[in-house]
Each structure stands twice: as structure tokens, then as C-alpha cells.
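Just so it is clear, the model here is predicted, and its values are computed rather than measured.
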Amino acid sequence: MARTILTDDQYNAAVKAAAGVLHNARADVGTVTITDTVAATLAAVGLLAPPFTPDPDTCTAMFADPEGDWWQCADDPDHDPSDGHDSGEWGWSDSDPGADTIARRTV
């Protein structure tokens with residue numbers, strides 16, 4: 001399934017809507033639970049929360065896992081991308097479905 005990265009405004013609107021529903025239901029959940037739930041729900045239908053700003057001291061390639069969490073490659077900025085990328089927990093190549101080249105940043 002093709003995935004689409006939402007804008008900050010689209011993602012914030014989804015979080016605000018979810019928070020409003022939970023508040024009206026008198027659910028006592030924190031912001032982290034709301035944002036994690038929204039990210040996972042959106043990812044299930046091919047929509048991704050905007051990626052975080054990558055650390056410029058490492059490779060800026062990013063990977064969005066099936067739950068919608070973003071991971072940044074922890075390799076040197078000048079490493080050979082054909083060797084793949086590794087966040088320390090996930091490894092991927094640029095051709096993997098989770099490797100969203102839209103999220104590649106040059107800082």
C-alpha cells in the first residue's frame with residue numbers, strides 16, 4: 001500500500017479530533033497515548049504523521065515502521081546508501097516500502 005505523509009496541520013487536526021472525542025467520553029489519557037494511538041491508526045490506513053527533524057550529525061534517511069513510528073539512520077552522513085541504513089534497531093534499504101524518500105532531508 002502506498003503511504004502518504006501528512007502535513008503538520010493535517011496531523012495536528014487528527015490529534016485534536018481524537019483528543020476531543022476522548023475528552024467528551026471522559027477518558028483520562030495523556031498526550032503521548034493520544035499521539036501514539038493517532039499515529040498507529042493513521043499508519044494502518046497508509047497515512048503517516050510528519051517525521052521529526054533529523055539529527056544532522058548522522059545520515060538523514062528515515063524509515064516509518066508499520067506502526068507509524070519514524071526512525072533515522074544512525075550511520076555516518078556520508079555512508080554509501082547502497083549498503084542500507086540502520087537506526088540501531090531497524091535496518092532498511094532505500095527500496096523497502098517503509099523507506100520514505102520524501103522524508104529524506106538534507107540539513
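Using modelled atom types, one finds no donor on one side chain facing an acceptor on the other under 3.5 Å when comparing Gln72 with Thr60. Under the 3.5 Å distance criterion, with hydrogens and angles disregarded, no donor-acceptor pair is assigned to the side chains of Asp9 and Thr7.
Atom CZ in Phe52 sits 9.0 Å away from atom CH2 in Trp71 (nearest 0.5 Å). The CG atom of Leu47 sits 6.0 Å away from atom OG1 of Thr4, with the distance rounded to the nearest 0.5 Å. To the nearest 0.5 angstrom, His23 atom NE2 is 10.5 Å from Ile34 atom CD1. Within the model, atoms CG of Asp75 and CG of Asp78 stand 10.0 Å from one another, a figure rounded to the nearest 0.5 Å. Note that CG of Asp86 and SG of Cys73 are 6.5 Å apart. Values are rounded to the nearest 0.5 Å. Here Asp69 contributes atom CG and Trp90 contributes atom CH2; the two are 9.0 Å apart, rounded to the nearest 0.5 Å.
With sequence neighbours excluded, the residues that form a side chain to side chain contact (heavy atoms under 4.5 Å, CB included) with Thr41 are Thr37. Not counting sequence neighbours, Val21 has no partner by the side chain to side chain contact (heavy atoms under 4.5 Å, CB included) test. In terms of the ring pair (Phe, Tyr, Trp, His ring centres under 6.0 Å) criterion, residue partners of His79 (sequence neighbours excluded) are, by chain and number, His85.
Atom CG of Asp83 sits in a crowded spot, with more than 12 heavy atoms from other residues, nucleotides or ligands closer than 6.0 Å.
Taking each heavy atom of Ala43 and Pro66 in turn, the nearest pair found is CB-O, 3.5 Å. Nearest heavy atoms, Ala49 versus Ile5: O-CG2, 4.1 Å.
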Trp70/Leu48 under side chain to side chain contact (heavy atoms under 4.5 Å, CB included): CA gap, chis, key distance, verdict: CA-CA 9 Å; Trp70 285 98; Leu48 297 173; 3.9 Å; yes
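Ring to ring, Trp92 and Phe63 are close: their centroids are under 6.0 angstrom apart.
A single hydrophobic cluster is seen to contain both Val45 and Val38, as judged by linkage of ILVMFWY side chains at heavy-atom distances under 4.5 Å, directly or through other members.
Side-chain contact between Tyr11 and Leu42 is present, with heavy atoms from C-beta onward closer than 4.5 Å.
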